[in-house]
There are 2 protein chains.
Amino acid sequence: MTAHEFDLLDRTWSDITPPAARRMLVAAAAAFAGRGYHATTTRDIAAQAGMSPAAVYIHYRSKEDLLFQISRIGHTASLDVLTSAATSAATPATTPAAGSAASLTSPEPDPAARMAAAVSAFASWHAEHHTTARVVQYELNALTPEHFAEVVVLRRRIEDTVRRMIEDGVAAGVFHVLDARGATLAVLSLCIDVARWYQPGGRRSPADIGALYADLVLRMLGT
Amino acid sequence: MTAHEFDLLDRTWSDITPPAARRMLVAAAAAFAGRGYHATTTRDIAAQAGMSPAAVYIHYRSKEDLLFQISRIGHTASLDVLTSAATSAATPATTPAAGSAASLTSPEPDPAARMAAAVSAFASWHAEHHTTARVVQYELNALTPEHFAEVVVLRRRIEDTVRRMIEDGVAAGVFHVLDARGATLAVLSLCIDVARWYQPGGRRSPADIGALYADLVLRMLGT
DNA sequence: GTCTATATCTTGATAGAC
DNA sequence: GTCTATCAAGATATAGAC
């Protein structure tokens, strides 16, 4: 893990206190993403956080609790990124300095611009935060049933947000798809799977991926 | 696991002999897909195959060897499905009864029809064989470096197959994409991720998913 | 809050009888 | 080829000193 990657990971958890608890979450997220939840030991996590094996249980009830916190915070962060992008793109008038032609001629929400912004932000989040995203997307079945139920609520909100954007676009005559639920599935799937294949040293930056996917999704939606 | 699912899983491994070795692979694939490689014990596998814990080591060198066989055979099967679909769609003249207008007027390979057939087959394979596919796609980092290298060869062939289909379509003026590698990434990603979200009792059958995705991909490629 | 030491259990894999 | 029995290592989590 490079220093830059570590910074990014750490920034995601900047609200967590005390520092020892935060260091543990950061270490756990990196280990769970790299080797998987079950392949990671509490000793690994403690060692990476610079503490003894027993120190884990000062701040967390169990190894699974550590996973749940990462999953809960990660799901919330990705939902925030998605809704923020969709909202700010829908109301360009609220950003005074951005006096583009579009904001002057079209103060109404533009479904295509909103979708492009949402997909770009959501896809690039899964690249930029691929460590957290992998835990979020691929360790769901290691959660207890109660904890799983809690993150499913957040996942449904993410899905609903995308589905409504598509349905709005269809209603406005901007998108042309017969199966809005199917398109929702595909859009989300495309963005989420970025967490699987993205590699930091690769050909494309997170921003590149966001731009590429925004374009491909608008084509898929028949704009 | 329903009886139908078990049949499908078993058919994938019908070449494996003796029967005890096959039962073990089937049990391992189901367990690895359901709980993950590291969460599965050799005792789980043996019990599901109706044998003692020690019986695993009669037919396989280690737990990882079991994973490797599943991964190798699964990768090969998905590559075969992809190339078969692309090949048979490219030469409709070889299927005499299918006297469609397209095959009469255009004996040349049709990039769009070929891509549609390939995506439909590859995506629906990941649904139909989601158990195997999950092991193939999500347990790569549990393989030894040597075994990992071996499946990477197969993965590259899958990627090359799709990239060439897209490049051929662009050259023929049928597809309109600026970034062929980016489009390849997205097409493969979309199909592979089916293994993650697909559920047998869900709204869409594997065939439905194949048809939906073939359509969405052709739109993405600007036909 | 953090440590050392350890209890308790489960794991992958092997030995040797049949 | 398959079993029973078992080893040696490593797992999560806790106890109790500081």
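Values in this document were obtained by computation on a predicted structure and should not be read as measured data. Here is the naming used below: chain letters follow the sequence lines, and residue numbers restart at 1 for every chain.
Separating the CE atom of B/M24 from the C1' atom of D/dC3 is a distance of 13 Å, rounded to the nearest angstrom. If you measure from atom CE of B/M51 to atom P of D/dT4, you get 11 Å, rounded to the nearest angstrom. As rounded to whole Å, 16 Å separates atom C1' of D/dG10 from atom NE2 of A/H38. Atom CG of B/D65 is separated from atom P of C/dT14 by 12 Å (rounded to the nearest Å). One interatomic measurement links the two molecules: OH of B/Y60 to P of C/dG12, which rounds to 16 Å at whole-angstrom precision.
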Could you run down the sub-3.5 Å N/O contacts of the protein with nucleotides 13-18 of chain D?
| unit_1 | atom_1 | unit_2 | atom_2 | d |
| --- | --- | --- | --- | --- |
| D/dA13 | OP2 | A/Y57 | OH | 2.9 |
| D/dA13 | OP2 | A/K63 | N | 3.1 |

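Qualifying ring-ring contact (aromatic ring centres under 6.0 Å, His included) partners for A/Y213, counting only residues two or more places apart in sequence or in other chains: none. Checked against ring-ring contact (aromatic ring centres under 6.0 Å, His included), B/Y138 has the following partners two or more places apart in sequence or in another chain: A/Y138. In terms of the ring-ring contact (aromatic ring centres under 6.0 Å, His included) criterion, B/F175 has no residue partners (sequence neighbours excluded). For the side-chain contact (heavy atoms from CB on, under 4.5 Å) test, residues two or more places apart in sequence or in another chain that qualify with A/P18 are A/A21, A/H59. In this structure, the side-chain contact (heavy atoms from CB on, under 4.5 Å) partners of B/A77, at least two apart in sequence or on a different chain, are B/W125. Residues passing the salt bridge (charged side-chain N to carboxylate O under 4.0 Å, His left out) test with A/R35 are A/D44, sequence neighbours excluded.
Overall, the helix from C/dG1-D/dC18 to C/dC18-D/dG1 carries an axis bend of 0° between its ends, with five pairs at each end and the value rounded to 10°.
The CD1 atom of B/I158 sits 9.5 Å away from the CG atom of B/D80 when rounded to the nearest 0.5 Å.
With salt bridges taken as basic N to acidic carboxylate O contacts below 4.0 Å, none links B/D179 and A/R203.
Of the candidate nucleotides C/dC3, D/dC3, D/dA11, D/dA11 has the atom lying nearest to any side-chain atom of A/T41. Of all nucleotides listed (D/dC3, C/dT2, C/dG12), D/dC3 comes nearest to the side chain of B/A55.
Among residue pairs with one or both ends in residues 25-58 of chain B, those qualifying as ring-ring contact (aromatic ring centres under 6.0 Å, His included) are B/F32-B/Y37; sequence neighbours excluded.
Between A/H59 and C/dT2 there is a side-chain polar atom (N or O) within less than 4.0 angstrom of OP1 or OP2.
In terms of position on DNA chain D, the residue among B/I58 and A/T40 whose nearest nucleotide sits closer to the 5' end is B/I58.
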